[in-house]
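Okay, structure first, notes after.
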There are 2 protein chains.
Amino acid sequence: MEKIVKPIPHATEAEDMYSIPIDAFFKSAFSVDCVIFGYHQGDLKVLLIQRGAEPFENFWALPGDLVYPHEDLDTAAYRVLEDLTSIQDVRMMQVHSFGGVNRHPLGRVITVGYMALVELTDIHPLASHWAKQTKWHSLSKLPKLAFDHSEILHASYDRLKTLLLEEPIWTRVIPEKFTITEFQDVFETILGRTFDKGNFRKKIQNVKFLKKLTETQQNVRHRPSQLYSFDAKLFEKYSDRGFVFDF
Amino acid sequence: MEKIVKPIPHATEAEDMYSIPIDAFFKSAFSVDCVIFGYHQGDLKVLLIQRGAEPFENFWALPGDLVYPHEDLDTAAYRVLEDLTSIQDVRMMQVHSFGGVNRHPLGRVITVGYMALVELTDIHPLASHWAKQTKWHSLSKLPKLAFDHSEILHASYDRLKTLLLEEPIWTRVIPEKFTITEFQDVFETILGRTFDKGNFRKKIQNVKFLKKLTETQQNVRHRPSQLYSFDAKLFEKYSDRGFVFDF
DNA sequence: AAACATTTTGTAAAAATGACAATTACTCTA
DNA sequence: TAGAGTAATTGTCATTTTTACAAAATGTTT
C-alpha cells in the first residue's frame, strides 16, 4: 500500500499540496458494479454472483470488477457484466459512485454503480471467469454481500423506482404488445403498492404515447384483454417538458 | 504514462486477465468537480474559477481537483471547493461520474461531479490555492471550459431541474419565511417557464408541508404578502411515496 | 346453459386545472 | 388626505381529473 498522504484540512495551508508528488495521486483504481433487476410476472429479483476469487471469496456480490486502465467506464460495465455472467444486450445506466476510503481491501478503489431492468426470462446468466455461480435473489431475503454492495444495491433500487416513473424502462419487461394488467403489475411490483384497476386503466388511456391496438389477447380462460403498445416517437414529444407518471 | 493494457473483448478469453499484474490497475486518479448554482432574485448563475495551473491554465473551469489517496469522495468535494473558492457550508450532492479515457491530459482520471444550489449573496467566493479568480457566470453565456466541464455542467443543470421538483433544495435559496411570489420565482427561473400567479398560489395552498404563517411582509410599497414556511417533518411524511411537484 | 375469471365500462361526488377578471391592502405622492 | 401605484389575493366558471365503488361484458370451462 502506498504511503499515507495527509489530507490538507484548510485552504490556508493549501500550499502544502505542492509538496505531494503528482505520482502519489495516480495509485488508485476504478471498478464497476452492475445491479441487474429481473422482473417476471409480479416478481422482482436481483442477479448476484458467488465470488470465486479474493477478496470476499465465496461471498455473494454484484457482478463487478476493476476497469482497465484504457477502458471507458460504460464499456467496462458491459464488459465486466459479460465476463462474469455471459449476459449481453442489456442496457444499463449509471447510478452513483461510491468512494469510501476502506471499501476495498486491496487499495483505493472507487466503484461506479450501473443498473438495468430486464425481463428475467429474457436473459440466461452463466457464471464465467472468476464467478463461481450466478443466482437471482429476492430483494426481501438477501444474503450478506461483499464490499459495500448492499449499499449500492439499495441506492440502485431507489433509483429504479424513480426512473420507472420517468423513463420507459418498463418496455424491457413486458411484451411489445401488452395488456393494461401486465403494465399495472410492473408498477405495482416495483413500486410496492397497489392501484385500483378501473382507475389505473383510465389514467393509461389518457397517456398519449400508450396506444390501444385493435388486437386482443388470445386463448385466455376469461374475457380477452385489449392490447396496447408504446409509441417511442410520441414519448419523445411529450417527455420534453419532463414527463412523469403520477401514480 | 503506463503501458497500454488491451481490454479483453470476450469472456472466453478472460483468462488473459490473470496475466495483467494487479499493479497495472492501480495507476489512476480521481477528481471531484463542483457545480455551484447561485440563485438570486430571478437570476441563475454558476460559479467558475479561472485556472492558475496546468493543464488548461487560464481557462475557466468548475472548481475541481484531484482526490487525496486517503480521502473520502464527499470529503474531497467539500475540501476542494473550499481550497479553491473559500466556500464553506454548502451542501452538495453527487450527480454523475465521468470517465472518458482521454478526458485528462496527465493520465487516467475519473471525475465525480457534485452539485449545489445556493443563494448567491449568501456565500462569498474568494479565489485561493491555484485558482486565479472566481466569477459567477450566466448559464446563457458561458466561456469555453476546461476538460469536459461543459458536459458536467449541463448534466448537473438537468439534474437540478429534476431535483427541484423532488427535494426541498429551494430552501437554500429563499428565506425561512417566504412569500409565494418568492417561491414561484425560483421555480420559474430554474425551470425556465412561467406560471399563472393565481393558479400557482392555489397549488401551493394544497401542499401539506408548506404552511401559511400569521405574519406578513413588512415595509413594501404594495399589499403585504402572507409569509409561508417549510415543514421538514411533514415533508418527510409526504415524500415517502415519492413526492414531486407537478408544475 | 350456468359457473368462472377477468376485463371493461359506468357513476357520481369531490377535487383540481386553467384562463381571466376583480378586489384588496399597503405606500407614495400631489 | 385623496388618489395613484403596485403587487397580493380572491373569485368565477367551464372543463377535466380523481376516487371509490358497482355493474356489465366476454370469453372459457363445466
Side-chain angles (χ1 to χ4, degrees), chain A residues 41-42 165 170 174-189 191 193-230 238 240-247, chain B residues 40-43 165 170 174-189 191-230 234 238 240-247:
Chain A
Q41 292 178 348
L165 302 173
W170 46 265
I174 51 178
E176 204 174 336
K177 299 174 179 180
F178 54 88
T179 69
I180 291 192
T181 301
E182 287 170 330
F183 188 82
Q184 182 173 348
D185 282 344
V186 175
F187 284 81
E188 290 190 339
T189 302
L191 300 179
R193 1 181 205 144
T194 58
F195 308 101
D196 178 276
K197 267 175 170 283
N199 295 337
F200 190 91
R201 162 174 267 93
K202 278 182 232 161
K203 269 189 182 163
I204 295 310
Q205 283 161 343
N206 286 332
V207 176
K208 309 296 186 200
F209 54 79
L210 297 179
K211 298 178 77 171
K212 189 180 201 163
L213 303 176
T214 52
E215 299 163 71
T216 64
Q217 233 179 357
Q218 300 295 329
N219 299 323
V220 283
R221 60 204 292 94
H222 54 75
R223 178 174 178 174
S225 183
Q226 280 296 136
L227 294 177
Y228 287 73
S229 73
F230 170 65
Y238 287 99
D240 270 358
R241 299 250 156 137
F243 173 85
V244 278
F245 280 115
D246 59 338
F247 295 143
Chain B
H40 182 67
Q41 293 178 346
D43 221 14
L165 301 173
W170 45 266
I174 52 178
E176 203 174 337
K177 299 172 179 180
F178 55 87
T179 69
I180 290 191
T181 302
E182 287 171 329
F183 187 81
Q184 182 174 349
D185 282 345
V186 175
F187 284 80
E188 290 191 339
T189 303
L191 299 178
R193 358 179 209 144
T194 58
F195 307 102
D196 177 275
K197 267 173 171 282
N199 296 337
F200 189 91
R201 162 172 266 94
K202 278 183 235 162
K203 269 189 183 165
I204 294 311
Q205 283 160 344
N206 286 333
V207 176
K208 309 295 185 201
F209 54 78
L210 297 179
K211 297 179 77 171
K212 189 181 201 164
L213 304 176
T214 52
E215 297 163 73
T216 64
Q217 233 178 359
Q218 300 295 327
N219 301 322
V220 283
R221 59 197 297 95
H222 55 76
R223 176 172 180 176
S225 182
Q226 280 296 137
L227 293 177
Y228 286 74
S229 75
F230 170 66
L234 279 179
Y238 287 98
D240 270 357
R241 301 251 155 133
F243 173 85
V244 277
F245 281 113
D246 58 339
F247 296 143

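Throughout, protein chains are lettered first and strands after them, A, B, ... in sequence-line order, and every chain is numbered starting at 1.
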Can you give me the N/O atom pairs linking the protein to nucleotides 1-3 of chain C at distances under 3.5 Å, or say none if there are none?
none

What nucleic acid atoms does B:Gln226 come within less than 4.0 Å of, heavy atoms only: base, sugar-phosphate, or nothing?
-> sugar-phosphate

For B:Asp196, what residues pass the side chain to side chain contact (heavy atoms under 4.5 Å, CB included) criterion, not counting sequence neighbours?
-> B:Asn199

Integer-rounded Å distance: C:dT17 P and B:Phe247 CZ | 10 Å

Return the set of residues passing salt bridge (charged side-chain N to carboxylate O under 4.0 Å, His left out) with A:Lys197 (not counting sequence neighbours), or none when no residue passes.
-> none

Non-neighbouring partners of B:Ser229 that pass side chain to side chain contact (heavy atoms under 4.5 Å, CB included), sequence neighbours left out = B:Lys211, B:Leu213

Whole Å only: how far is the NZ atom of B:Lys212 from the P atom of D:dA8?
-> 14 Å

Heavy atoms under 4.0 Å is the rule here; annotate nucleotides 23-30 of chain D 5' to 3' with B where the base is hit, S where only the sugar-phosphate is, and - elsewhere.
-> --BBBSS-

Do the side-chain N or O atoms of A:Lys197 get closer than 4.0 angstrom to the phosphate oxygens (OP1, OP2) of C:dT6?
-> no

Five-pair end axes of the helix from C:dA1-D:dT30 to C:dA30-D:dT1, angle between them (10°) = 20°

Taking all non-hydrogen atoms of both residues, which atom of B:Gln184 and which atom of B:Phe195 are closest, and how far apart?
-> NE2-O, 2.9 Å

Which pairs count as salt bridge (Lys or Arg N to Asp or Glu O under 4.0 Å) when at least one residue sits in residues 174-186 of chain A, sequence neighbours excluded?
-> A:Lys177-A:Glu215

In Å and rounded to the nearest 0.5 Å, what is the OG1 to CZ distance from A:Thr181 to A:Arg201?
-> 6.0 Å

Any side-chain heavy atom of A:Ile180 within less than 4.5 Å of one from A:Leu210?
-> no

Atom pairs and distances, side-chain donor-acceptor, residues 216-225 of chain B, under 3.5 Å, sequence neighbours left out:
from     : atom 1 : to       : atom 2 : distance (Å)
B:Gln217 : OE1    : B:Ser225 : N      : 3.1
B:Gln218 : NE2    : B:Thr216 : O      : 3.4

For A:Gln218 and C:dT6, what is the distance between atoms CD and C1' respectively, to the nearest whole Å?
-> 16 Å

Please walk me through it: do B:Phe247 and B:Phe187 pass ring-ring contact (aromatic ring centres under 6.0 Å, His included)?
-> CA-CA 9 Å; B:Phe247 296 143; B:Phe187 284 80; 5.1 Å; yes

Spacing of B:Leu227 atom CG relative to C:dC26 atom C1', expressed in whole Å | 14 Å

Heavy-atom contacts, protein to nucleotides 11-22 of chain D, under 4.0 Å, summarised as B (base), S (sugar-phosphate only) or - (none) per nt, yield -B-----SBBB-

Quick one: does A:Lys203's side chain have a donor or acceptor within less than 3.5 Å of a partner on A:Asp246's backbone?
-> yes

Using the test side chain to side chain contact (heavy atoms under 4.5 Å, CB included), find all partners of A:Tyr238 that sit at least two apart in sequence or belong to another chain.
-> A:Lys208, A:Leu234

Partners meeting ring pair (Phe, Tyr, Trp, His ring centres under 6.0 Å) with B:Tyr228 (sequence neighbours left out) = none

Those residues of residues 174-185 of chain A lying under 4.0 Å from DNA chain D by at least one heavy atom = none

Aromatic plane relationship, A:Phe178 with A:Phe183 - under 30° parallel, 30 to 60° tilted, over 60° perpendicular | parallel

